[in-house]
Amino acid sequence: MTIKYIDKVNIKGKRVMIRVDYNVPYDKSMNITDDTRITATLPTINYCLKEGCKIILVSHMGRPKGKPVPEMSLKPVAARLASILGREVKFIETPLGEEVAKSVSAMKDGDIILLENIRFYPGEEKNDPDLGRQLAALCDVYVDDAFAAAHRGHSSNDAITKFAKEAAAGFLLENEIEYFKKAMDNPARPLGAIIGGAKVSTKLDALKNILSKVNYIIIGGGMAFTFLKAKGYNVGKSLLEADLVAAAKEIMDEAAKKGVEILLPVDIVAAPEFDNNAPRTVVPADKMTDSMIGLDIGPESIRQFSDKIMSSKTVIWNGPMGAFEMPNFAEGTNAVAKALAESGSLSIVGGGDSVSAVNQSGVADRISYISTGGGAWLELLEGKTLPGIAALDR
Ligand code: AMP
């Protein structure tokens with residue numbers, strides 16, 4: 001794939017439309033509770049400012065299903081971005097039509113406009129070429145910096161590239177692509193994957209795809225119980241996808257054939273109820289009883305997983321080791337985050353929960369790269385070509 005990055009395109013003084021992902025969380029009063037997705041786009045925005053561009057920002061927020069939904073307005077984002085940059089960010093309520101055309105033609109170098117939630121238009125999610133054409137008409141150069149939306153082929157990241165005079169990836173998208181390639185295409189070995197979270201079903205394709213790339217896979221979290229069941233263990237009342245026990249067995253068989261080590265928890269922190277205050281018991285993984293729910297990995301698993309991580313050169317991580325939202329069952333997840341930070345390996349973390357775990361453990365600054373995409377990153381792990389990235393390769 002040959003994608004042009006923004007610093008290889010002449011954008012000096014031009015009208016640059018940047019597709020960003022400002023799908024940030026709001027509280028009930030529409031205050032932004034986490035602006036990571038805004039700050040993640042600053043390298044591209046600041047570069048465009050340095051080049052004297054007129055910047056038009058396009059984003060979606062939530063799932064308004066093609067009509068205006070006031071709670072999904074991007075207006076608060078314009079205010080936050082303005083305060084971060086210390087300069088005006090003009091908010092345009094109607095991204096298509098005369099108002100925006102007039103505002104854009106009146107822009108001076110260094111001006112910034114943020115368009116209202118593009119998903120207020122039904123064409124966006126339908127990848128409507130006409131919407132793509134209208135957006136492209138507003139700019140000289142189109143830049144995609146919305147990695148977290150790259151697994152969707154919509155008008156503002158796909159159709160638009162058919163009409164834009166020039167299209168390139170911004171620095172955030174570049175980082176996401178380049179770090180992923182570094183880990184998966186030609187990694188320093190040993191290369192390991194830590195895969196956790198609730199369900200095997202959502203990670204099955206990713207597991208299958210990485211089997212031919214990694215040296216080992218650590219499997220933790222609720223999904224580990226389907227694997228433990230496949231080994232013939234009683235998993236009590238733990239999360240189990242009975243219909244995927246055979247698939248779990250196949251993955252373990254395939255791994256053995258390929259010489260890929262699969263590390264499962266050898267001990268479990270269990271409780272009689274899904275409750276932070278429920279009494280905790282540590283049991284060997286093959287000694288769970290009918291009344292137990294496995295909610296975290298045990299101390300011996302932590303030791304084994306950490307040793308493995310510490311001896312790696314490259315590690316990717318998606319999904320927590322337990323029900324880590326409950327502090328009494330967060331130890332395994334936090335320990336994995338710490339081992340990753342201390343390993344000195346090239347470490348890449350993706351997926352909302354693993355990212356929160358890394359932040360919660362206070363080690364985020366020692367992780368090589370934290371992906372801004374949950375679904376998009378998982379699809380990369382699945383080996384898929386993301387439509388938003390493929391569109392830049394036209
Ligand atoms: P995912 O979105 O698939 O990465 O799953 C993340 C969710 O899995 C988190 O909300 C965790 O609380 C949950 N989870 C992880 N381990 C367990 C477990 N052993 N039992 C129940 N839920 C779990």
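Just so you know, ligand 1 is whichever comes first in the structure, and atom 1 is the first atom listed for that ligand.
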Quiz item: If you measure from the Lys or Arg side-chain nitrogens to the Asp or Glu carboxylate oxygens, is any gap between Asp253 and Lys257 under 4.0 Å?
Solution: no
Tabulated below should be the N or O atoms of ligand 1 paired with protein N or O atoms at under 3.5 Å; can you produce that?
unit_1   : atom_1 : unit_2 : atom_2 : d
ligand 1 : 3 (O)  : Ala198 : N      : 3.2
ligand 1 : 4 (O)  : Lys203 : NZ     : 3.0
ligand 1 : 5 (O)  : Ala198 : N      : 3.0
ligand 1 : 8 (O)  : Ala198 : N      : 3.1
ligand 1 : 10 (O) : Glu325 : OE2    : 2.5
ligand 1 : 12 (O) : Glu325 : OE1    : 2.5
ligand 1 : 12 (O) : Glu325 : OE2    : 3.4
ligand 1 : 16 (N) : Gly222 : N      : 3.0
ligand 1 : 16 (N) : Gly322 : O      : 3.4
ligand 1 : 19 (N) : Gly294 : O      : 2.9

Quiz prompt | Value rounded to 0.5 Å, distance of CD1 in Ile18 from OG in Ser59 | solution = 12.0 Å
Quiz item: Is the gap between the ring centers of Tyr47 and Phe171 under 6.0 Å?
Solution: yes
Quiz item: With sequence neighbours left out, what residues match Asp128 under side chain to side chain contact (heavy atoms under 4.5 Å, CB included)?
Solution: Asp130, Leu131, Ser155
Would you list the atom pairs, donor with acceptor, under 3.5 Å between side chains in residues 204-213 and any protein atom, with sequence neighbours excluded?
unit_1 : atom_1 : unit_2 : atom_2 : d
Asn209 : ND2    : Leu381 : O      : 2.6
Ser212 : OG     : Asn209 : O      : 3.3

Indicate every side-chain donor-acceptor pair of residues 89-96 with a distance under 3.5 Å to a residue at least two apart or in another chain.
unit_1 : atom_1 : unit_2 : atom_2 : d
Lys90  : NZ     : Ser103 : OG     : 3.4
Thr94  : OG1    : Glu99  : OE1    : 3.3

